[in-house]
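My structure is below; once you've seen it, I'll send some questions.
Keep in mind that the numbers below use all heavy atoms, side chains included, and drop hydrogens, waters and symmetry copies. Convention: sequence-line order gives letters A, B, ...; per-chain numbering from 1. Because the structure is predicted, anything quoted here is derived from the model rather than measured.
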There are 2 protein chains.
Amino acid sequence: MKYITLMNDRSDVKTDKRARSTVRDVATLAGVSEISVSRVMRNAPNISDKLRDKVMEAANALSYTPNRVAGALKNQSSNLVAVVLPSMSNEVFSSVLDGIESVLNDQGLHAVLGLSEYDADRELRVIRELLSWSPMGIILTGLHHRDPIPGMIAQLDIPVVQIMDIEGAPIGSAVGISHSAAAVTAADHLYDKGYRKIGYIGAWSERPERSRARRLAFEARLEERGALLVASLIAEERSSAMVGARATETLRRQHPDIDCIFFANDDLALGGLFHALSAGIDVPGELGLLGFNGIEIGKATPIPLSSIETPRFEMGREAAKLLLSSKDDGNRVMDLSFKISDGKTV
Amino acid sequence: MKYITLMNDRSDVKTDKRARSTVRDVATLAGVSEISVSRVMRNAPNISDKLRDKVMEAANALSYTPNRVAGALKNQSSNLVAVVLPSMSNEVFSSVLDGIESVLNDQGLHAVLGLSEYDADRELRVIRELLSWSPMGIILTGLHHRDPIPGMIAQLDIPVVQIMDIEGAPIGSAVGISHSAAAVTAADHLYDKGYRKIGYIGAWSERPERSRARRLAFEARLEERGALLVASLIAEERSSAMVGARATETLRRQHPDIDCIFFANDDLALGGLFHALSAGIDVPGELGLLGFNGIEIGKATPIPLSSIETPRFEMGREAAKLLLSSKDDGNRVMDLSFKISDGKTV
DNA sequence: CTTCTAATTGTTATCGATGTCAATTGTAAT
DNA sequence: ATTACAATTGACATCGATAACAATTAGAAG
């Protein structure tokens with residue numbers, strides 16, 4: 001076996017004006033070593049002002065931007081944060097993402113997004129792909145994840161924060177609310193307001209399963225108090241006001257004795273409210289309506305929507321903060337509180 | 001100068017079970033060369049079945065995942081797409097992002113997100129950071145971008161798609177609607193319905209400036225037709241139904257003769273509608289209301305909201321598609337159509 | 001003016017995957 | 001069996017930045 005070794009002829013450095021410049025180019029122009037350029041760009045300690053000035057001048061002249069890909073390869077870690085959400089067509093998750101980005105972007109970090117579409121296989125695939133970018137951390141939705149996933153993350157030894165739910169066994173840290181506590185609060189609130197024949201409306205076959213857990217806890221609490229969950233209607237379509245309106249009409253037709261409805265989310269609840277307004281149903285006298293999430297628009301309706309307000313933006317914010325500080329903090333569970341909004345529909 | 005050369009002793013390969021495996025580990029286990037592993041993993045041509053099987057077996061045994069960072073460094077290009085949006089707290093952009101991801105995630109591509117918060121300096125910074133990841137393409141919002149930006153992108157020679165607007169000089173391809181045409185359509189529609197004393201409500205000091213352009217085109221068209229834009233009220237807060245409701249009340253108090261209001265977006269318009277419902281104003285007889293965007297919830301209100309429906313999800317979808325196909329396509333401008341929704345508020 | 005430590009700058013090797021070109025194997029035709 | 005050529009596999013260098021360590025310089029102390 002014989003190979004001709006091709007020597008690395010770098011005499012052509014920077015002859016092509018279009019190619020982006022590298023540490024090498026900056027170093028050559030500034031008359032210093034490459035590592036010095038690297039140090040200046042990263043604000044490493046122990047750099048003389050003279051060196052810094054030389055380097056910065058050359059860097060500006062060449063409008064040099066460090067190549068993060070190379071840096072990440074060397075460091076085995078990047079300034080990317082993997083964010084895996086179930087869906088983007090739901091104001092809950094865009095708010096969460098907003099919260100995440102509000103922290104990350106100020107630190108020069110960026111989210112790489114993956115959507116699971118509520119599908120476990122897809123989630124696994126997406127997580128695998130995102131992890132191949134050596135993110136400095138990962139944010140997942142929910143606490144349940146298929147089996148190779150926790151191991152894959154452990155192997156990289158990066159911080160994990162799971163959002164939305166805190167009831168269960170988190171892989172790393174968790175930021176969210178107790179959905180069963182929210183359900184109990186909702187049940188108690190409705191019971192205390194005097195409602196006894198209560199209905200429930202959900203959608204999209206109860207994805208995510210958090211909403212199912214919430215419904216079951218709600219039902220259990222009602223029984224405990226001695227009230228009745230007359231019926232649950234879970235629509236097959238995705239949540240929307242229209243679906244909520246239709247479901248409300250259907251539920252009331254099937255169970256005319258229902259005096260109050262708890263909805264899986266505010267889109268559905270607003271639909272219920274709009275139906276009631278159109279049909280001339282007295283809210284909250286004849287029919288009480290309680291939503292979940294506390295979205296902005298519900299505050300402006302003719303009768304402001306009563307809802308369980310959840311801190312979606314804060315969830316994202318705190319998750320990102322926890323991720324950044326988790327070197328020293330270790331794994332933590334953060335229970336963000338919810339509250340009943342001061343609406344007028346119950 | 002004398003340096004001792006440290007020889008590269010690789011006898012310790014794979015002694016640490018926690019480290020993720022590499023091509024080298026797979027190659028060793030399979031008894032083939034590293035490049036062969038690489039070829040199999042990438043489905044390169046001219047691979048014998050025997051080799052493929054050996055490699056796949058070893059890869060599975062080690063649960064090997066290729067390191068994208070290394071691949072991107074060598075290739076000078078990644079499977080990341082830089083996406084720069086102004087904000088995430090606006091359903092318009094989450095829909096757009098949803099559309100983008102619906103195309104990307106099926107191709108194993110991922111969006112790296114940056115938010116400009118409607119700030120040009122911040123946008124520049126974010127774009128610079130995202131470009132340092134050698135994305136395979138970039139999606140920007142709007143057509144106007146500060147000066148180093150077009151050059152920076154040209155230097156990398158990657159496809160650009162600009163979304164939302166198509167009126168101007170795009171850097172690469174553009175996908176969006178003509179906001180001036182939308183404004184004309186709105187003006188004509190209102191005029192044809194008989195409205196003559198028309199008002200306008202915007203928010204947040206008219207960010208983005210697209211909405212300003214739309215307002216001006218709207219005003220111009222009204223004049224052309226001989227109707228009057230009685231007044232414009234631009235709130236300082238961000239858009240929300242609450243702000244829309246208050247602005248509507250204010251505008252009508254200041255200008256009782258207004259018979260119709262065109263809103264910068266549906267959040268504001270819904271607020272207007274809610275105010276009218278509460279105040280017992282006859283819509284559309286006493287007051288017409290026209291929104292912009294056509295969000296889902298407006299279809300379910302007691303009086304369905306009339307609005308200019310814009311294809312936000314499709315914008316994202318088409319932008320992503322265009323990006324992926326733009327090797328052969330070159331730069332294109334894609335005018336997605338809008339339409340007046342069949343609401344009942346005008 | 002030495003001597004010694006601290007501060008600063010530099011050299012080399014490395015992260016992991018892959019393009020380039022060389023080497024080898026397989027296959028068919030003579 | 002030999003030659004010619006295609007299919008397959010492999011060795012090496014490389015992408016750009018940076019950790020680890022070496023070397024140099026500056027500054028303080030004697």
At less than 4.0 Å, is any side-chain N or O atom of B:Thr22 found next to OP1 or OP2 of C:dG16? Yes or no.
no
One would report the end-axis bend of the helix from C:dC1-D:dG30 to C:dT30-D:dA1, five pairs per end and rounded to 10 degrees, as 40°
Rounded off to whole Å, could you give me the CD1-to-P distance for the B:Ile35 and D:dA11 pair?
11 Å
Nucleotide nearest B:Val23 when distance is taken to its side chain, options C:dG10, C:dC15, C:dA17
C:dA17
Determine the minimum heavy-atom distance between B:Val160 and B:Ile153, stating which atoms define it.
CG2-CG2, 3.4 Å
On DNA chain D, more 5' by nearest nucleotide between B:Val32 and B:Ala70 is B:Val32
Let me know, please, whether B:Arg39 or B:Asn67 comes out on the 5' side of the other along DNA chain C by nearest nucleotide.
B:Asn67
Expressed in angstrom and rounded to an integer, what is the separation of B:Leu62 atom CG from C:dG16 atom P?
14 Å
What integer distance in Å separates B:Lys74:NZ from C:dC15:P?
17 Å
Are the side chain of B:Asp25 and the backbone N or O of B:Thr22 linked by a donor-acceptor pair below 3.5 Å?
yes
Checking A:Glu314 against A:Arg317 for the salt bridge (Lys or Arg N to Asp or Glu O under 4.0 Å) test, could you report, in this order, the C-alpha distance in whole Å, the side-chain angles of both residues, the deciding distance, and whether it holds?
CA-CA 5 Å; A:Glu314 286 72 22; A:Arg317 238 189 127 69; over 6 Å; no
Are any of the side-chain heavy atoms of A:Met88 and B:Glu101 separated by less than 4.5 Å?
no
What nucleotide among D:dA17, C:dA17, D:dA19 has an atom nearest to a side-chain atom of A:Asn75?
D:dA19
Per B:Ser36 side chain, nearest of listed nucleotides C:dG19, D:dT9, D:dT18:
D:dT9
So which of residues 48-61 of chain B are in contact with DNA chain D, with a heavy-atom cut-off of under 4.0 Å?
B:Ser48, B:Leu51
Mind calculating the distance between CG (A:Leu73) and P (C:dA13) to the nearest angstrom?
18 Å
Residues A:Arg207, A:Asp119: salt bridge by 4.0 Å N-O rule
no
May I ask you to verify if any side-chain N or O of A:Ser38 is less than 4.0 angstrom from the OP1 or OP2 atom of D:dA17?
no
Nearest whole Å is fine: how far is C:dG19 P from B:Asn46 CG?
14 Å
Return yes if some donor-acceptor pair links the side-chain N/O of A:Ser173 with the main-chain N/O of A:Arg332 below 3.5 Å, else return no.
yes
Do A:Val69 and B:Trp133 come close enough that some side-chain heavy atom pair is under 4.5 Å?
yes
To the nearest 0.5 Å, how far apart are CD in B:Glu318 and CD1 in B:Ile163?
12.5 Å
Any side-chain N or O of A:Gln76 below 4.0 angstrom from OP1/OP2 of C:dG16?
yes
Which nucleotide in the list D:dA17, C:dA17, D:dC15 gets nearest to the side chain of A:Pro66?
D:dA17
Which nucleotide wins on minimum distance to the side chain of A:Ser33, given the candidates C:dG16, C:dT11, D:dA17?
C:dT11
Taking atom types as modelled, is there a side-chain donor on B:His144 or B:Glu209 under 3.5 Å from an acceptor on the other?
no
Just the rounded figure in Å: distance from P of C:dA13 to CD of A:Glu34.
14 Å
Rounded to the nearest Å, what distance is computed from the CZ atom of residue A:Arg20 to the C1' atom of nucleotide D:dG16?
9 Å
Counting any heavy atom closer than 4.0 Å, what does A:Arg42 reach on the DNA or RNA strands: base, sugar-phosphate only, or nothing?
sugar-phosphate
Find the distance B:Arg24:CZ to C:dG16:P and express it as a whole number of Å.
9 Å
Tell me if a side-chain donor or acceptor on A:His110 pairs with a main-chain N or O of B:Leu113 at a distance below 3.5 Å.
yes
